[in-house]
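Remarks on the structure that follows.
Scope of the values below: all heavy atoms of this structure, side chains included, with no hydrogens, waters or symmetry mates. If you read the sequence from its start, that first residue is 1, and numbering goes on from there.
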Amino acid sequence: VGGLLPATRYEYRVVYRGEKLANRVVIETPPVPGVAKSFSFAAMADLRSYDGPSQQDAVKAQLSEALLKKGAEFVIFAGDVSNESGTSSEYYQHYFKVYDELQRMIPFYPIQGNHDLYPAKFLNLFESSNGYYFFNLLTLPHNPAAEAIEHWDPVQKKNVKGYSSFYSFDWASTHFVALDHTSIEPGTLGFESYGKDSAQYAWLEADLKKAQGARWRIAYFHNPPVMNQAPDIELMQLMADHNVDLIVAGHIESPSLHL
């Protein structure tokens, strides 16, 4: 939906072929980029629920409390939205079905994890879509640099473009960067390398240079950095050189924070 004013409350209702699919919902659009304003947000990762639906309900309750009692304005999601292999049914059952009410009221900003990106046949154990459903079912901020990269689509059986596999956005005076940090080399368990010679690294360097006027700079991605690998060292040094204040990661089944 285009043409909405920043920091403005709107009411909406979803109607499909004359049938009301949801009750009327009130939302507030993001603040003007760069404006000095305090705010709260929630961070989460890894929907892999080993304890069944009760664990998901507990996470949902915490998010609801963050929204209703603490005023969280949005959620950043550090990967593994899928609980296993990135199929459409997993997203519907473990993500949309569980968090649908919250997603009607506040935006979610996910980035992919390894369980969203498993190749079409992983270790001969199960089929996956190599990220097809993650990028076609979830709405992500546009990034032309990422969307210009070709990726193999095993569903359509051809190379495709248009996947916003890394991106950034501003919320008030804070700049957020979401990265594909699931593979060292393209074509393994991720879409794009994050090493010094990669397109993602070049984009990140330019993006962070433009964001030096922000009050805070926050990066999030799925796999925590491994500091004995050259690409991770280069990536972390780049973010240190450009004053990234906070890094949020997942993958180890509990979010990691790096200050």
Side-chain angles (χ1 to χ4, degrees), residues 2 6-7 29-41 43 45 73-79 107-113 135 138-151 161-186 190-251 255-259:
T29 52
V32 176
V35 66
K37 174 186 179 294
S38 62
F39 62 89
S40 298
F41 68 94
E73 298 180 22
F74 60 96
V75 177
I76 60 172
F77 201 128
F108 280 52
Y109 293 95
I111 194 68
Q112 63 276 10
F135 290 106
L138 280 64
T139 300
L140 307 171
H142 288 295
N143 179 9
E147 293 168 2
I149 300 172
E150 284 192 343
H151 306 296
K161 295 181 180 180
Y163 289 174
S164 194
S165 53
F166 50 90
Y167 60 85
S168 64
F169 66 94
D170 293 308
W171 198 281
S173 58
T174 300
H175 187 69
F176 290 84
V177 176
L179 300 176
D180 179 0
H181 191 262
T182 53
S183 67
I184 298 175
E185 298 296 335
F191 279 142
E192 179 58 34
S193 167
Y194 50 85
K196 198 168 186 177
D197 296 328
S198 69
Q200 182 173 201
Y201 184 100
W203 168 83
L204 177 62
E205 184 174 28
D207 183 80
L208 289 177
K209 284 182 179 179
K210 293 188 294 184
Q212 290 306 294
R215 175 64 181 87
W216 303 99
R217 286 157 294 277
I218 298 175
Y220 63 101
F221 42 78
H222 186 59
N223 290 44
V226 180
M227 295 314 295
N228 63 353
Q229 295 179 348
D232 288 282
I233 295 172
E234 294 167 352
L235 181 65
M236 295 299 287
Q237 187 61 55
L238 174 65
M239 290 192 282
D241 291 343
H242 291 82
N243 306 303
V244 172
D245 300 287
L246 174 68
I247 296 172
V248 179
H251 190 59
S256 303
L257 301 177
H258 303 265
L259 302 174

Less than 4.5 Å apart, side chain to side chain, heavy atoms only: is that true for Trp203 and Ser168? yes
With rounding to the nearest 0.5 Å, note down the distance linking CZ in Arg215 to OG in Ser38. 12.0 Å
Contact between Asp232 and His181 at the side-chain level, heavy atoms closer than 4.5 Å - yes or no? yes
According to the interplanar angle, ranging from 0 to 90°, do the rings of Phe39 and Phe74 count as parallel (below 30°), tilted (30 to 60°) or perpendicular (above 60°)? tilted
Calculate, to the nearest 0.5 Å, the distance between atoms OG1 and CD belonging to Thr29 and Glu73 respectively. 10.5 Å
Closest heavy-atom contact between Pro231 and Gly195? CB-CA, 4.0 Å
Is there side-chain contact between Leu204 and Leu235, with heavy atoms separated by less than 4.5 Å? yes
Rounded distance [0.5 Å steps], NE2 in His175 versus CG in Asn243: 12.5 Å
Under 3.5 Å, is there a donor-acceptor pair between the side chain of Ser173 and the main chain of Ala214? no
When rounded to the nearest 0.5 angstrom, what distance separates CG in Leu246 from CZ in Phe176? 8.5 Å
Between Phe135 and Ser165, is there a side-chain heavy-atom distance shorter than 4.5 Å? yes
Ring centroid separation Phe41 to Tyr109 under 6.0 Å: no
Would you say the side chain of Tyr163 lies within less than 4.5 Å of the side chain of Leu140, judging by non-hydrogen atoms? no
Taking all non-hydrogen atoms of both residues into account, name the closest pair between Pro6 and Pro31 and its distance. CB-C, 4.2 Å
Look at the side chain of Gln212 and the backbone N and O of His242, then say whether any donor-acceptor pair between them is shorter than 3.5 Å. yes
Check: Ile149 and Phe166 side chains under 4.5 Å, non-hydrogen atoms: yes
Hey, does Ile247 have a side-chain heavy atom less than 4.5 Å from the side chain of Met236? yes
Atom pair CG/NZ of Leu238 and Lys209 - distance to nearest 0.5 Å: 9.0 Å
Nearest atoms (heavy-atom pairs only) where Ala78 meets His222: O-ND1, 2.9 Å
Please confirm whether the backbone N or O of Leu179 pairs with a side-chain atom of Gln200, one donor and one acceptor, at under 3.5 Å? no
Any chance you could measure Glu234, atom CD, to Glu205, atom CD, to the nearest 0.5 Å? 11.5 Å
List the steps, then state whether side chain to side chain donor-acceptor pair (under 3.5 Å) holds for Asn143 with Glu147. CA-CA 6 Å; Asn143 179 9; Glu147 293 168 2; over 6 Å; no
Distance-only, no hydrogens or angles: does the Ser164 side chain make a donor-acceptor pair with backbone N or O of Pro141 under 3.5 Å? yes
Using side-chain heavy atoms (C-beta onward) and a distance below 4.5 Å, is Val177 in contact with Arg217? no
In this structure, are over 12 heavy atoms from other groups packed under 6.0 Å from Lys37 atom NZ? yes
